Amino acid sequence: MQNIDRNPPGLVVILGTGGTIAGTAASAASHVGYQAGALGVEVLVAAVPPLRGLALETETLARLDSCHMDHATWAALVRRAAWHLARPEVAGVVVTHGTDTLEETAFFLHRTVAAAKPLVLTAAMRPATALSPDGPQNLFDAVTLAREPGAHGVLAVLGGVVHAGASLRKVHGYRVDAFSAGDAGPVALLEDGRVRTLRPWPAGALHDAVARAPQRLREPTGWPAVDIVTSHAGARAAVIDALVAAGARGLVIAGTGNGSVHAELRAAAQRARAAGVVVRRASRCLLGGVVASDAGEGGATGNAADLLPDAGVLTPVQARVELLLDLLAAG
Ligand code: SIN
């Protein structure tokens, strides 16, 4: 029996965007063949009996399979999350989302929403129609976390583990324990309806774009194109040349190891920079990011003229969000 405080500290608003948590399959045995985002968020809430009687509001913003996540939905999320968090009667906001791009949305919200209250993302690896769906428990845990006194920041809870939105990454394609915060580790645990903190709640880290380009942030038309290119054996410069020709304003190169970049791509990246495109390099490794070296990209043999700026600890998809915001802030 889970421990539920029936004297809620405030209202929780649940914003639905789709995902497997709202997915339905033809067969209860199916974990991978289903339609994501089929159900509205109010249906998900109704499937969690312990949520009955709590002060909840629901709003379905989108019904996306999150592999199709778009800037319009991100802009709507920023607008609605910020608006609800500013309401005095609201204790926290929950966002239901697909797992596939959860880490991107989490990092984007971390950099764009002043979350003095909990802004909690959750998702599920199994559709709502599965024999043993993980969504109902995750949603219950997310609401519990959103009502937790003192909690704040952009957080994600799945499988009873709370991660900072700034560090979240998906590390498995189908297992229920598919998320990690990498070297940062979890922030808290959800145990039988109670929150056990392991370290302080994450500090806010608003990007300059929030102050310098608030209107552009809320209105996604015309956001600059920022693309990711992976460095690999046999990489071709033509990929970068084609993206630049197609209007890319920023490029993140998911480099090998500590952010090293195939010579073909490096030459094309320098041409792109000369044409005004902003280029950053991250690492395609799961952990570690890029540790800057005095010799720069290319190591001891690197030519100083060829150095490409690195994205530090950010993963390639996080680096893409950061560069997008940098370009928005720059106008
Ligand atoms: C999605 O990301 O929307 C589909 C996959 C999932 O939620 O697990």
Side-chain angles (χ1 to χ4, degrees), residues 5 8-19 21-22 37 39-46 48 50-51 54-64 66 69 72-99 101-124 135-158 162-166 168 179 187-188 190 193 195 197 201-207 210 214 217-218:
D5 175 5
L11 177 67
V12 173
V13 179
I14 307 176
L15 303 176
T17 67
I21 192 168
L39 306 173
V41 69
E42 67 290 341
V43 181
L44 308 187
V45 172
V48 187
L51 292 180
L54 299 189
L56 301 175
E57 279 179 15
T58 58
E59 196 176 317
T60 299
L61 292 183
R63 290 190 180 186
L64 285 173
S66 82
M69 184 48 64
T73 306
W74 275 2
L77 262 176
V78 171
R79 281 195 307 269
R80 299 307 291 157
W83 188 80
H84 286 299
L85 287 170
R87 294 167 60 195
E89 69 276 25
V90 169
V93 170
V94 168
V95 177
T96 58
H97 197 286
T99 62
T101 54
L102 189 68
E103 64 198 81
E104 297 179 49
T105 299
F107 186 74
F108 179 75
L109 293 177
H110 166 69
R111 297 292 276 144
T112 55
V113 178
K117 300 170 183 174
L119 174 52
V120 185
L121 293 105
T122 196
Q137 183 70 51
N138 286 346
L139 182 55
F140 176 75
D141 287 347
V143 171
T144 304
L145 185 57
R147 301 167 72 239
E148 176 70 7
H152 57 81
V154 176
L155 303 163
V157 62
L158 298 108
V162 181
H163 298 296
L168 190 70
F179 283 85
V187 173
L190 258 297
V195 178
T197 50
W201 300 110
L206 285 188
H207 191 281
V210 177
L217 198 54
R218 285 174 155 69

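All values derive from a computational prediction rather than experimental measurement. Below, each value reflects all heavy atoms present in this structure, side chains not excepted, and no hydrogens, waters or symmetry copies.
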_Please give me the minimum heavy-atom distance between Leu51 and Phe140, naming the atom from each residue._
CD2-CD1, 3.8 Å
*Rounded to the nearest 0.5 Å, how far does CG of Leu217 lie from CH2 of Trp74?*
11.0 Å
*asked:* Would the distance check show the side chain of Thr197 and the main-chain N or O of Ala188 forming a donor-acceptor pair, the cut-off being under 3.5 Å?
replied: no
*Taking all non-hydrogen atoms of both residues, which atom of Thr99 and which atom of Ala123 are closest, and how far apart?*
CG2-CB, 3.5 Å
*Does the side chain of Val12 come within less than 4.5 Å of Val93's, by heavy atoms?*
no
*Indicate the atoms forming the closest heavy-atom contact of Thr101 with Met69, along with that distance.*
OG1-CB, 3.6 Å
*Would Lys117 and Glu148 pass as an ion pair if we require N to O under 4.0 Å?*
no
*Which heavy atom of Pro202 sits nearest a heavy atom of Val187, and at what distance?*
CD-CG1, 4.4 Å
*Can you find a heavy atom in the side chain of Val154 that is under 4.5 Å from one in the side chain of Phe107?*
no
*asked:* Within the structure provided, determine whether Thr112 and His207 are in side-chain contact (heavy-atom separation under 4.5 Å).
replied: no
_Which residue is it: Leu15, Val13, Leu139, Leu121? I am looking for the one with a side-chain contact (heavy atoms from CB on, under 4.5 Å) to Val94._
Leu139
_One pair to check against side chain to side chain contact (heavy atoms under 4.5 Å, CB included): His163 and Leu155. What are the steps and the verdict?_
CA-CA 6 Å; His163 298 296; Leu155 303 163; over 6 Å; no
*Could you check if a side-chain atom of Val113 sits within less than 4.5 angstrom of a side-chain atom of Phe108, using non-hydrogen atoms only?*
no
*Just by distance, with hydrogens left out, do His84 and Glu59 show a side-chain donor and acceptor under 3.5 Å apart?*
yes
_Please give me the minimum heavy-atom distance between Ala151 and Pro118, naming the atom from each residue._
O-CD, 3.2 Å
*From Leu158 CG over to His97 NE2, what is the distance, rounded to the nearest 0.5 angstrom?*
11.5 Å
*asked:* Which heavy atom of His110 sits nearest to which heavy atom of Ala203, and what is that distance?
replied: CE1-O, 3.8 Å
_Is the shortest side-chain heavy-atom distance between Thr122 and Val95 below 4.5 Å?_
no
*Counting distance only, does the side-chain N/O of Arg218 pair as donor-acceptor with the main-chain N or O of Arg79 below 3.5 Å?*
no
*Any side-chain heavy-atom pair of Val157 and Asn138 under 4.5 Å*: no
*Counting distance only, does the side-chain N/O of Thr58 pair as donor-acceptor with the main-chain N or O of Ile14 below 3.5 Å?*
no
_Leu11 vs Leu56, test: side chain to side chain contact (heavy atoms under 4.5 Å, CB included). Steps then yes/no._
CA-CA 6 Å; Leu11 177 67; Leu56 301 175; 5.5 Å; no
*How many angstroms lie between CG in Leu44 and CG in Leu39, if you round to the nearest 0.5 Å?*
6.0 Å
